[in-house]
There are 2 protein chains.
Amino acid sequence: MEQAEAELSVEAVCQRLGLTARTLHYYEEIGLISPKSRTSGGHRLYDEKVVGKLEQIVRLKNHLGYSLNEIRHMLDVESRLDQIRLNADNACLSEEIRRSELEEAADMLRSTLSQIQLKMQNLQNMKNRYEEKLRMTEKALETKKYTFISQKGSE
Amino acid sequence: MEQAEAELSVEAVCQRLGLTARTLHYYEEIGLISPKSRTSGGHRLYDEKVVGKLEQIVRLKNHLGYSLNEIRHMLDVESRLDQIRLNADNACLSEEIRRSELEEAADMLRSTLSQIQLKMQNLQNMKNRYEEKLRMTEKALETKKYTFISQKGSE
DNA sequence: TCGCTTCCTTACGTTGACGTAAGGTTACAT
DNA sequence: ATGTAACCTTACGTCAACGTAAGGAAGCGA
């Protein structure tokens, strides 16, 4: 189906995402990512899937303030969901086991979603707060402008 | 105007916010907060203003993932704005200086707001993503339920 | 094959945000 | 006055998330 994807070197991935090699190694150490393969000499080779994962990691970490532990947890849930979906129509485990896995995943998703909801509320509050402050500051600047002008040369 | 506010001990503040004394000390060390006064023996006394500030710090840190450095920066901008507003109608500095301070503050506010905007977008994306996953998981559970029922006792 | 760059592993260093322990002082109820 | 709980300062410990340096192997264009 997919024709052999381009294999990305460490450098290529780092440049595209603004990360360092050390960061990739570290994320691999703690089980967040792993290279698709290695060269005969042991050099890591990544694919586009890893790049997408890394993008998500960066967003979750930098913009949303999740720790790498939390992120791993979230990614684990996602991959387990994919896993379940994969062998859903395919080979079959016990119905009960599959059910409980799905329930667990759903719970995690709901909890994550409520966390996100909370964060959004906080962000909205912050936004309102700072917008108000900005309005006041701009208003102050407006009035100052007038006094400034009227001082320099009236009319 | 304000009648002497209740003075809060370290313990009182910590209990209300779920923080430790060490945290208060640390925040004081790095210039985030400071006690309103001290007892003759050197014990710290806080007021309600500090509590509000701490609440904001906690929100910015835990929910929005800002570092204490970034937070100090934001609080600095806010307090400088208050400062400007205070001696706005009161004693007067040079108009130009005041203007440039206001401009600077406005810039910082705008940059902070755009950061917040970005975070909200990211959060919205995450939310959509996880809602979709949740929907699919729930759908899977629904269909499983039927097969489960029809297996056990049809009708 | 040579030279240069990229990459490997191993391992110690660093920074932020506190935790924790020590040794002594202050506040307050009895 | 006294016990004890809360507090003080000083200082070393810790954990996450990498940075950085060392010494050597792999890739690769000329």
Side-chain angles (χ1 to χ4, degrees), chain A residues 4 6-47 50-51 53-76 115, chain B residues 4 6-47 50-51 53-76 115:
Chain A
E7 302 193 314
L8 302 170
S9 69
V10 168
E11 203 189 15
V13 174
C14 287
Q15 284 191 347
R16 281 182 53 180
L17 296 174
L19 301 175
T20 69
R22 176 61 174 125
T23 300
L24 297 191
H25 293 165
Y26 181 64
Y27 288 178
E28 189 175 338
E29 257 184 66
I30 65 175
L32 272 182
I33 62 172
S34 59
K36 191 190 176 187
S37 63
R38 298 256 187 159
T39 67
S40 57
H43 287 202
R44 274 162 258 248
L45 293 175
Y46 298 99
D47 57 351
V50 177
V51 174
K53 211 168 176 181
L54 282 170
E55 278 171 348
Q56 204 193 342
I57 291 173
V58 169
R59 275 207 309 272
L60 286 170
K61 200 178 81 66
N62 294 341
H63 295 304
L64 309 181
Y66 283 103
S67 74
L68 294 184
N69 250 314
E70 293 171 310
I71 293 174
R72 179 175 40 197
H73 195 231
M74 295 164 86
L75 293 183
D76 279 357
Q115 279 181 44
Chain B
E7 302 192 312
L8 302 170
S9 70
V10 169
E11 204 189 14
V13 173
C14 287
Q15 285 192 345
R16 281 181 53 181
L17 296 174
L19 301 175
T20 68
R22 176 62 175 126
T23 301
L24 297 192
H25 293 165
Y26 181 63
Y27 287 179
E28 189 175 337
E29 257 184 66
I30 65 174
L32 272 181
I33 61 171
S34 58
K36 190 190 177 187
S37 63
R38 298 256 186 158
T39 67
S40 57
H43 287 202
R44 275 164 257 249
L45 293 174
Y46 297 100
D47 57 352
V50 177
V51 174
K53 212 167 175 181
L54 281 170
E55 278 171 349
Q56 204 194 342
I57 292 172
V58 169
R59 274 207 311 272
L60 286 169
K61 198 178 82 66
N62 294 340
H63 296 302
L64 307 182
Y66 283 103
S67 74
L68 294 185
N69 251 315
E70 294 171 310
I71 292 174
R72 181 176 37 198
H73 194 231
M74 296 164 85
L75 293 183
D76 279 356
Q115 277 182 45

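To find a chain, count down the sequence lines: A is the first, B the second, and so on, and within it residues start at 1.
Residue order along DNA chain D, read from the 5' end via each residue's closest nucleotide, puts B:L45 first among A:G42 and B:L45. Residue B:S67 is the one, among B:G41 and B:S67, whose nearest nucleotide of DNA chain C lies closer to the 5' end (criterion: closest heavy atom).
Atom CD1 of A:I57 is separated from atom P of D:dA17 by 11 Å (rounded to the nearest Å). Taking atom CD on A:Q15 and atom C1' on C:dT5, their separation rounds to 13 Å, with Å as the unit. Between the CZ atom of B:R44 and the C1' atom of D:dC8 there is a distance of 7 Å, given to the nearest Å. Rounded to whole Å, the distance from NE2 on B:H43 to P on C:dT26 is 7 Å. With rounding to whole Å, B:R38 atom CZ is found 13 Å from C:dT25 atom C1'. For B:R72 and C:dC18, the CZ to P distance is 13 Å, given to the nearest whole Å.
Contacts with DNA chain C (heavy atom under 4.0 Å) in residues 17-34 of chain B: B:T20, B:R22, B:T23, B:Y26, B:Y27, listed by number.
Contact annotation: A:T39 does not reach the phosphate of C:dC7 (side-chain N/O to OP1 or OP2, under 4.0 Å).
Interatomic distance, A:L24 CG to A:I33 CD1, rounded to the nearest 0.5 Å: 5.0 Å. Atom CG of B:L68 is separated from atom CD of B:E70 by 9.5 Å, given to the nearest 0.5 angstrom.
With A:E28 as reference, A:R38 is the one residue of A:K53, A:R38, A:R22 to meet the salt bridge (charged side-chain N to carboxylate O under 4.0 Å, His left out) rule.
Of all heavy-atom pairs between A:A21 and A:V10, the closest is CB-CG1, 3.8 Å. Between B:Q56 and B:L75, the shortest heavy-atom distance links the atoms OE1-CD2, 3.6 Å. Nearest approach of B:R44 to B:P35, heavy atoms of both residues: CG-CG, 3.6 Å.
With distances taken from any side-chain atom of B:N69 to the nucleotides C:dC7, D:dC18, C:dG16, the minimum falls on C:dG16.
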